[in-house]
Peer 1: 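This is the structure I want to talk about, given as structure tokens.
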Amino acid sequence: MKLIVTGGAGFIGSHLVDRLITDGHDVLLLDDLSSGKLENFQHHSENPKFKFIKIDITEQEAVKNIFIEFKPECVFHLAANADIGKSAHDASVDLTKTFATTISVLEAMKASEAKQIIFSSSSVVYGELPGPVTESSGPLLPISNYGAAKLSSEAFISSYADTYGFRAWIFRFANICGPRISHGVFVNFLRFIKEDPTRITVAQDGTQAKPYVYVEDLIDAIMIGWKNGKEKINIFNAGNSPLVSVNEILDIILKEKGIPKIQINYTHEPAWAGDIKTYAFDNTKLESLGFHPKYNSLEAVTLTIQKIADTLD
Ligand code: NAD
């Protein structure tokens, strides 16, 4: 198939591109390289089935023309601000990078022959609902601008699908980890420890705990949901168990780095306004279609730390 991947130079998008190329698809990667990196996809540069265009997806007319010319059947839309904390200070980050990019992609689909969209949504659309949440849990009241932009994007994907005859697969990702990870607790802790291995500041009391999915398992989840989701709008939680706390992540990092002891300063404040302390997903829907993650959350976290511990600047 001819496929477009927006945000394919980023952490998750580049793993998705790897899989789509392996599966024999023609892939056009669109990315402005604002947080994505050339090195994440350069290994495909000689492949005739792969093409990259550097573009800001909010440039609606230019994106439309690319879609009209390339004629994709399906678009995987991952381009977004992926750093929740960033937009607590400036909502325009998510309005532009997350919401406006979605509208631009939908307009380009409308102008071209693309009839399928796969969207990278997030657990944060559920707000602070007690878990484990299912895909029909509600009301959906996000507590971050990032979550609001994801939910608004989902709403417009639904309305465009109905109005213009598209089909959509919306994946609400839990916390994703693995090689090429670009931000978040792993990256922050490893950088802090590199600067000063004797002391570290940890948000709240470190007991905040979340499910982690290894990136290769997430790509399996997307492929299984895409192949087997038969509705006009297919919504899937992509989560894992058990919940892993920030304190546990720090312990694994210290062990990996051979640091026996560190002074921890707990802030007793959220890492950013809108941080959800803990959440749990019900994964039954994807599991019923055959999704079984190879790594549980703890294994995913441990493997990620082992793989990235010595690679960060
Ligand atoms: P990432 O920052 O590595 O990737 C995002 C990509 O989008 C980058 O390559 C960036 O350059 C690109 N991009 C951003 N704005 C753009 C624009 N205006 N035009 C073109 N390209 C643009 O982040 P990631 O962790 O790989 O996240 C990928 C997607 O998954 C995002 O939509 C994110 O919100 C979603 N998500 C991620 C997680 C996670 O744990 N990493 C969890 C839930 C949802």
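Read the numbers this way: they start at 1 and go in the same order the structure lists the ligands and their atoms.
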Peer 1: Considering S121, S34, S120, A238 one by one, which has a heavy atom nearer to atom 44 (C) of ligand 1 than any of the others?
Peer 2: S121
Peer 1: Measuring from the heavy atoms of A174, does anything fall under 4.0 Å of ligand 1?
Peer 2: yes
Peer 1: I need the contact type for T101 against ligand 1. Using non-hydrogen atoms and a strict under-4.0 Å cut-off, is it side chain, backbone, both or neither?
Peer 2: side chain
Peer 1: Which heavy-atom pair separates I222 from I118 by the least distance, and what is that distance?
Peer 2: CG2-CG2, 4.1 Å
Peer 1: Where the closest heavy atom to atom 36 (N) of ligand 1 is concerned, which of Y146, F171, F11 has it?
Peer 2: Y146
Peer 1: Students should be able to answer this: which protein heavy-atom is nearest to atom 37 (C) of ligand 1, and at what distance?
Peer 2: I12 CD1, 3.7 Å
Peer 1: Can you measure from CZ (F171) to CZ (F76) and round to the nearest 0.5 angstrom?
Peer 2: 8.0 Å
Peer 1: Quick one: does I55 get within less than 4.0 Å of ligand 1, heavy atoms only?
Peer 2: yes
Peer 1: In plain terms, say whether K257 and D310 are close enough for a salt bridge, that is, a side-chain N and a carboxylate O under 4.0 Å apart.
Peer 2: yes
Peer 1: To the nearest 0.5 Å, what is the distance between CD1 (I53) and CD1 (I66)?
Peer 2: 4.0 Å
Peer 1: With respect to S182, determine whether any N or O atom, backbone or side chain, lies less than 3.5 Å from an N or O atom of ligand 1.
Peer 2: yes
Peer 1: Determine the minimum heavy-atom distance between A9 and F41, stating which atoms define it.
Peer 2: CB-CE2, 3.6 Å
Peer 1: What protein heavy atom sits nearest atom 18 (N) of ligand 1, and how far off is it?
Peer 2: D56 OD1, 2.9 Å
Peer 1: Could you find the nearest protein heavy atom to atom 4 (O) of ligand 1 and give me its residue, atom name and distance?
Peer 2: G10 CA, 3.5 Å
Peer 1: For atom 11 (O) of ligand 1, grab the closest protein heavy atom and report residue, atom and distance to one decimal in Å.
Peer 2: D31 OD1, 2.6 Å
Peer 1: Does K294 make a cation-pi contact with Y214 (under 6.0 Å, within 45 degrees of the axis)?
Peer 2: no
Peer 1: Given G13, A149, S35, which has its nearest heavy atom closest to atom 10 (C) of ligand 1?
Peer 2: S35
Peer 1: Check each atom of ligand 1 against the heavy atoms of L33 and keep those under 4.0 Å away; list them by number with element.
Peer 2: 11 (O)
Peer 1: Give me the nearest non-hydrogen protein atom to atom 19 (N) of ligand 1 as residue plus atom name, then the distance to 0.1 Å.
Peer 2: I57 N, 2.9 Å
Peer 1: Can you list the atoms of ligand 1 that are under 4.0 Å from a heavy atom of A80?
Peer 2: 5 (C), 7 (O), 14 (C), 31 (C), 32 (O)
Peer 1: Can you list the ligand 1 atoms lying under 4.0 Å from a non-hydrogen atom of G36?
Peer 2: 8 (C), 9 (O), 10 (C), 11 (O)
Peer 1: Looking at atom 15 (N) of ligand 1, what's its closest protein heavy atom, distance included?
Peer 2: K97 NZ, 3.1 Å
Peer 1: Return yes when H77 approaches ligand 1 closer than 4.0 angstrom through a heavy atom, no otherwise.
Peer 2: no
Peer 1: Checking a contact table here: which protein heavy atom is nearest atom 43 (C) of ligand 1, and how many Å away?
Peer 2: F173 CB, 3.4 Å
Peer 1: Which atoms of ligand 1 have any heavy atom of H183 under 4.0 Å away?
Peer 2: 25 (O)
Peer 1: Check L33 against D31 and note the closest heavy-atom contact, atom names and distance.
Peer 2: N-OD1, 2.6 Å
Peer 1: Are F50 and F52 close enough that their ring centers fall under 6.0 Å?
Peer 2: no
Peer 1: Could you go step by step and tell me if D94 and K150 meet the salt bridge (charged side-chain N to carboxylate O under 4.0 Å, His left out) rule?
Peer 2: CA-CA 9 Å; D94 280 315; K150 287 292 187 197; over 6 Å; no
Peer 1: Can R172 be said to sit on top of F281's aromatic six-ring, NZ or CZ under 6.0 Å from centre and within 45° of the ring axis?
Peer 2: no
Peer 1: Between R180 and ligand 1, find which residue part has any heavy-atom pair under 4.0 Å and reply side chain, backbone, both or neither.
Peer 2: neither
Peer 1: Closest heavy-atom contact between W226 and C74?
Peer 2: CZ2-SG, 3.9 Å
Peer 1: Can you name the nearest heavy-atom pair linking P179 to H15, along with the distance?
Peer 2: O-NE2, 2.9 Å
Peer 1: Which heavy atom in V215 sits nearest to a heavy atom in G178, and how many Å separate them?
Peer 2: CG1-CA, 4.2 Å
Peer 1: Give me the nearest non-hydrogen protein atom to atom 27 (O) of ligand 1 as residue plus atom name, then the distance to 0.1 Å.
Peer 2: A82 CB, 3.8 Å
Peer 1: Do ligand 1 and L78 have nitrogen or oxygen atoms that lie under 3.5 Å from each other?
Peer 2: yes
Peer 1: Tell me whether ligand 1 is touched by K150 - counting only heavy atoms on the residue side and a distance under 4.0 Å.
Peer 2: yes
Peer 1: Consider only side-chain N and O atoms of K210 and S123, and report whether a donor and an acceptor are under 3.5 Å apart.
Peer 2: no
Peer 1: Near I176, which atoms of ligand 1 are under 4.0 Å from a heavy atom of that residue?
Peer 2: 39 (C), 40 (O)
